[in-house]
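Just follow the structure's listing: the first ligand is 1, and inside any ligand the first atom is 1. Count residues from 1 along the sequence.
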Amino acid sequence: MTLIFSSAQPRLNSIATGVKLALGLSLLMLGSAQATTITPPKPAPVLLPADWNRVVNPVPMDAAMEAKITELLNKLSLEHKVGQMIQPHIGAVTPEEIKTYNIGSILNGGGQNPNDNPNSTQQDWVQMAERFYQASMSTEHGRTPIPVVWGIDAVHGHSNMVGATLFPHNIALGATRNPALAKALGALTAKEVYATGQDWDFAPTLAVARDDRWGRAYESFSEDSELVAQMGGKMIEGLQGTAGTKEFLAATKVLATAKHFIGDGATGFGDDQGYAEGEEQALLRMHLPGYISALNVGVQTVMASYSSWNGIHAHANARLMNELLKGQLGFDGFIVSDWQAISHMPGCSLDNCPEAVNAGVDLFMIPNAPDWKTFHANVVAQVKAGVINPARIDDAVRRILRVKMRQGLFTRPSPAQRAAATAGAVGAPEHRALARQAVRESLVLLKNTGVLPIKPKTKVLVTGAGANNLSRQSGGWSVTWQGLNVPNDKFPGATSIYTGLAHALKAVGGTAELSEQGTFTNKPDLAVVVIGENAYAETHGDIQNLATLELEGGSKTGLKLIQSLKAQGIPVVAVLLSGRPLWVNKELNLADAFVAAWQPGTEGAGVADVLVAKIDGAPNADFNGRLSFSWPATPCQTPLNKGDADYKPLFAFDYGLRYNSPITPWQALSEDTSAYALGCRLKNQLPAAKQQTFKPQDGWNWKIELPTFTQSAVPATLGPLTVKPLDEGLSATWSGKGEARLILRNNKTPRHDLLAALGHRGALAIDLKLLAPVTEKQGVDVRVWSSPLTAGVVDISKLLAAWPQGKYQTLSIDLACFAKEFTDFSKVDGPFALQAKLALAVEVKNLRYEPDLAKTASISCSN
Ligand code: BGC
Ligand code: BGC
């Protein structure tokens with residue numbers, strides 16, 4: 001038997017080949033009786049640049065510990081070993097299952113709380129952690145106890161926990177240029193996380209965000225890899241403790257995660273989960289230094305990236321995981337997969353992906369049931385069939401056990417036992433003070449005509465959507481995953497920018513009046529206008545389709561507010577809340593001072609610390625922040641990065657005024673947006689309008705697909721859906737026993753650029769005949785998928801409920817309705833899917849995109 005399936009090299013630059021290999025793989029599994037050996041061509045070693053900083057692992061291997069691990073491994077059955085490699089979410093696994101499957105780890109995703117209760121207290125978290133922990137330590141029926149480790153996204157403080165201290169996101173920390181602060185914030189996070197019973201933080205993100213359109217730009221310390229390395233290593237040291245000292249992974253310290261390995265910030269167009277392409281050494285030079293800094297302080301876990309690297313999905317990249325990270329760089333901790341990420345790999349699904357095991361992923365974040373259970377069964381079967389080498393399983397489990405032992409998980413106080421000693425840690429006053437310092441140090445002053453600092457006795461109007469809005473000022477990953485529209489009372493103990501200003505002004509004889517709309521009773525001497533982006537996380541924050549970097553390109557709400565105040569002769573200090581640099585020339589021209597405040601988090605008082613002068617009129621605290629990202633001069637000036645050949649930013653990397661900077665007259669900036677009406681990707685060169693059809697000869701095929709992404713070609717029955725070809729079109733019948741979709745996929749070129757169709761105000765159209773009545777509550781929808789895994793969804797039940805039966809009608813849906821979700825039209829991999837839960841019977845034919853139909857479509861979202 002023995003087959004080590006390393007498909008990295010053959011798959012280079014070719015997703016199509018990947019599909020073939022995966023097919024080969026399933027054939028192999030079928031014919032497992034006659035074991036076959038595939039010897040893949042030996043890939044060339046990854047060549048690190050000659051002047052590369054070497055890794056010195058500060059956590060040496062311990063022979064006695066390794067012997068203990070061997071002893072433990074010898075006691076475990078294959079089933080139990082595979083259990084250690086699985087990480088379901090807290091709502092999808094029970095303590096009982098932790099025991100029976102020997103589950104190694106659990107997680108809660110962004111915004112997930114114990115018992116689905118968003119107001120869970122420290123006690124609730126601890127109790128849940130205790131239940132899981134005790135189950136894992138059970139010795140019932142001779143079981144071998146192995147502590148389960150709970151991982152959590154505490155990405156700017158303990159961000160899922162109501163009442164936690166939230167400090168500014170990484171982009172702002174980069175602006176502080178203060179690695180010691182990053183370390184202190186890491187330690188703060190560890191204390192709050194440890195207190196609620198978790199032992200592992202999925203942070204920090206070490207991405208070097210190269211395109212500001214990326215929805216995760218704010219999770220990146222900088223566009224500059226050196227700055228990422230300076231801040232990243234220190235934050236890890238704060239989370240885990242300093243390696244080689246007694247505090248390393250001791251009480252109140254948690255495991256850190258270097259994520260997302262590698263190249264998450266390198267993707268074209270800033271597409272989240274997109275494709276990084278380029279010369280290998282150049283990519284490594286840019287995106288590896290953060291990981292080197294992490295390894296040098298002994299980071300224990302690494303999370304693989306959703307993105308692809310020269311055509312290979314990061315979770316399939318044996319070359320980078322097995323050879324570079326674990327081989328050449330000597331990483332001896334474990335690699336965890338990202339949330340459902342394996343399903344994004346060609347040939348894999350949510351519950352099946354031997355390729356990722358072989359490529360070096362050790363622990364699998366398979367959040368949902370039954371997926372994690374079927375994954376478990378699949379891995380066990382694949383080992384027995386020789387598709388996965390048992391030695392790979394032993395290596396993965398050894399790494400997981402090594403990290404657990406290093407952390408002392410077998411002996412550290414259980415979550416309940418530590419509760420008394422850590423009471424009050426969450427949102428502790430000293431934590432808030434530190435977060436406030438981070439706010440103070442991260443503010444970047446972009447313009448000041450002399451209105452700042454705000455003089456004593458000033459009457460100030462505090463206005464704008466972000467003035468008293470903790471959700472906007474905290475951004476994504478705050479209480480909920482997206483952090484969007486979280487009410488202020490879900491941030492107990494927090495201070496808004498307004499509250500901070502009111503307090504500081506009062507202390508120097510001034511006043512603050514709050515009005516988000518900008519109305520006032522007494523005319524103010526000055527207005528602080530808090531403008532900016534709303535909260536977002538991950539793909540939801542991508543700037544894509546027909547959008548640009550312009551702040552509020554459509555509504556211009558903030559600009560209008562500034563205009564109206566200025567028209568009334570009121571000086572304006574603009575405070576921008578954003579997760580990235582934005583094109584704000586209009587706002588900059590008009591405001592008298594302009595501060596980039598990023599997303600400061602719960603300690604809004606840090607803003608007033610710098611804006612409001614002392615009683616003698618001298619600054620209370622100076623501006624300290626320097627841009628960690630270059631600032632664009634035009635709406636589409638991205639990528640724009642320090643070191644570019646033709647580097648012409650509006651404000652360069654490192655820019656940031658101080659109170660003693662000379663005050664020079666403002667040179668009006670260009671406000672012309674006429675060249676950007678079609679967004680940054682189409683520019684103004686829209687190809688001629690035409691209808692678009694999807695022909696089999698171009699690779700388009702109908703498939704049946706389950707929510708797990710398990711697929712079958714048509715005609716077939718898969719799960720609840722039966723699809724048969726007709727003379728013209730297809731008939732599709734859903735039994736009502738589960739969810740499935742009829743979807744169009746392309747087996748030649750997986751991603752398609754349909755931006756032009758959107759630019760032409762197009763609509764998706766299909767002729768559809770109902771064979772049985774539909775009710776409004778039937779849950780039938782149409783989806784446009786853009787790879788991987790993100791779909792724009794339009795519910796059509798209501799429309800179909802009004803349709804006659806037995807007669808073809810045209811269903812047309814404005815493409816803008818899908819683009820409103822987060823479907824990226826430049827990389828569509830499923831241009832049409834009809835999805836249903838309950839019984840449904842239809843015939844369909846003539847799928848097409850029609851130009852200029854948006855406004856008159858059966859469902860329209862354009863005005
Ligand atoms: C994100 C990770 C995160 C994980 C768990 C994923 O979607 O990419 O950064 O740690 O979810 O919530
Ligand atoms: C995120 C998780 C989040 C989940 C919510 C995932 O994509 O990574 O952190 O909790 O979506 O459904």
Check whether Phe709 forms a cation-pi arrangement with Arg745 (NZ or CZ under 6.0 Å from the six-membered ring centre, at most 45° off the ring normal).
no
Between Tyr194 and Arg418, is there a cation-pi geometry (under 6.0 Å to ring centre, at most 45° from the normal)?
yes
Kindly write out the residues that satisfy salt bridge (charged side-chain N to carboxylate O under 4.0 Å, His left out) with Lys404, not counting sequence neighbours, or none if the list is empty.
none
By salt bridge (charged side-chain N to carboxylate O under 4.0 Å, His left out), Asp362 pairs with (sequence neighbours left out) Lys326, Arg392
Does Met303 come within less than 4.0 angstrom of ligand 1, counting non-hydrogen atoms of the residue?
yes
Scanning both residues in full, the closest heavy-atom pair of Arg783 with Ala791 reads CB-CB, 4.1 Å
Quick check on contacts: which atoms of ligand 1 are under 4.0 angstrom from a heavy atom of [X]?
| X | result |
| --- | --- |
| Phe202 | 10 (O) |
| Trp339 | 6 (C), 7 (O), 11 (O) |
| Glu538 | 1 (C), 6 (C), 7 (O), 8 (O) |
| Gly109 | 12 (O) |
| Asp338 | 1 (C), 2 (C), 3 (C), 4 (C), 6 (C), 7 (O), 8 (O), 11 (O) |
| Arg216 | 1 (C), 2 (C), 8 (O), 9 (O) |
| Asp153 | 3 (C), 5 (C), 10 (O), 12 (O) |
| Lys259 | 2 (C), 3 (C), 9 (O), 10 (O) |

Hey, does Asn108 come in under 3.5 Å of ligand 1, counting only N/O atoms on both sides?
no
N/O of Tyr306 under 3.5 Å from N/O of ligand 1, yes or no?
yes
Just by distance, no angles: are the side chains of Thr257 and Thr301 close enough, under 3.5 Å, to form a donor-acceptor pair?
yes
Do Asp332 and Arg406 sit within salt-bridge range, that is, some charged N less than 4.0 Å from a carboxylate O?
yes
Is the ring pair Tyr306/His344 parallel, tilted or perpendicular, if the boundaries are 30 and 60 degrees?
parallel
